[in-house]
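Taking it in order: structure first as structure tokens, then the write-up.
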Protein chains: 2
Amino acid sequence: MRLTKAEWQLMNALWQGHPATAREIQSRLPRETNWAYTTVKTMLSRLVTKGALSERKDGLAAMYSPLVSRRKARLSALRSMAEEVFDGSVGMLVHFLVEEENLSPSERKKLIDALKDEDKGGAK
Amino acid sequence: MRLTKAEWQLMNALWQGHPATAREIQSRLPRETNWAYTTVKTMLSRLVTKGALSERKDGLAAMYSPLVSRRKARLSALRSMAEEVFDGSVGMLVHFLVEEENLSPSERKKLIDALKDEDKGGAK
DNA sequence: GAATGCCTTCTACAAGTGTAATAGACTGCT
DNA sequence: AGCAGTCTATTACACTTGTAGAAGGCATTC
């Protein structure tokens, strides 16, 4: 499931709360994103076709819900990026980030803690 | 400079060593990528147009070189991803990765070391 | 019951991508 | 001189993406 930038914007809006109407979604988009209502609808339909969203009729209007969790979508995006950009190595990706991005001391601390927490989180 | 998957493959091949001819580049592509020579050429031309590569005539044949460093391309890809997928927060991206991906103990160790190395690397 | 407003589906269209065939040039052999 | 091999540039074509207008259906309200 490869999402484009525009699609991420829609999905992000959806994950914020669902089910939601096209109107609601439109209103949740980043301010810069000034899409006509029908543009939003077109995009949403395409996401439905792609299997990323479900569409349920509620009276006249359609209610949309994500069919993939944000977590899974994120994982899959990162995996693709590792694949294409970091010779398939997630480890290298992380390492690059840690080296290149200026993380704040508190962020560093949190990360170190997370890294030390070897086999805790059941959230696998 | 937004690169597509196919374009990353070309660029990766280029960064492996440059300048390089289209033939060389073609031979360095991942095995699964079975592009006709003219396909490679088309892509390369498009990358030249985009400003990602330079093309220099050497006799009949063209030699290509990257105009952006791999590092910069990677940074920019990660920034976009953070933007679109992690509410603009690189920190969140890293954290997500560290939590979700099973890094090997040795990778963890390397990362912790890198994180502790607060103000070392001049490679900023 | 005619106008207003909101929703839906259909259609459109330009730009970007993936993928390549074709045809024209030049090089080197025989 | 002519053929084989290699390059290049041009052209093509289907699919995807971004962006939206148009037209038709139902509800609300004068």
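What you see below is based on every heavy atom in this structure, not just the backbone, and it leaves out hydrogens, waters and symmetry mates. Protein chains get the first letters and strands the later ones, always in sequence-line order, with residue 1 at the start of each.
Remark: the backbone N or O of A:V85 is paired with a side-chain donor or acceptor of B:R74 at under 3.5 angstrom.
Atom CG in A:L44 sits about 14 Å away from atom C1' in D:dT19, given to the nearest Å. Note: CZ (B:R23) to C1' (D:dT8) measures 12 Å, nearest angstrom. Atoms NZ (A:K50) and C1' (D:dC15) sit 12 Å apart, rounded to a whole Å. Distance CG (B:L10) to C1' (C:dT19): 13 Å, rounded to an integer number of Å. Taking atom NZ of A:K41 as the reference point, atom C1' of C:dC10 lies 13 Å away to the nearest angstrom. Put simply, NZ on A:K57 is 9 Å from C1' on C:dT9, counting in whole angstrom units. Here C:dT19 presents its P atom at 10 Å from NZ of B:K5, a figure rounded to the nearest Å. Following rounding to the nearest Å, A:Y37 (OH) and C:dG5 (P) show an atom-to-atom distance of 16 Å.
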| request: If a protein heavy atom is under 4.0 Å from the base, mark B; if only from the sugar-phosphate, S; if neither, -; do that for nucleotides 20-30 of chain C going 5' to 3'. | output: BBB---SS---
| said: Show, in sequence, the C-alpha distance, side-chain angles and deciding distance for B:R56 and B:Y64, and conclude whether the side-chain contact (heavy atoms from CB on, under 4.5 Å) test is met. | reply: CA-CA 6 Å; B:R56 174 168 56 74; B:Y64 297 90; over 6 Å; no
| said: If you apply the rule side-chain contact (heavy atoms from CB on, under 4.5 Å), what do you find for B:L103 with A:L115, and how did you get there? | reply: CA-CA 9 Å; B:L103 301 171; A:L115 281 164; 4.2 Å; yes
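Within the structure, every side-chain polar atom (N or O) of A:T4 is placed at least 4.0 Å from both OP1 and OP2 of D:dT16.
A salt bridge does not link A:K5 to B:E83: none of the charged side-chain nitrogens sits closer than 4.0 Å to a carboxylate oxygen.
Smallest separation of non-hydrogen atoms from A:S54 and A:V48: C-CG2, 4.5 Å.
Looking at heavy-atom distances under 4.0 Å, A:A62 makes contact with sugar-phosphate atoms alone, never a base.
Atom-to-atom distance recorded for B:R28:CZ and B:Q9:CD is 14.5 Å, nearest 0.5 angstrom.
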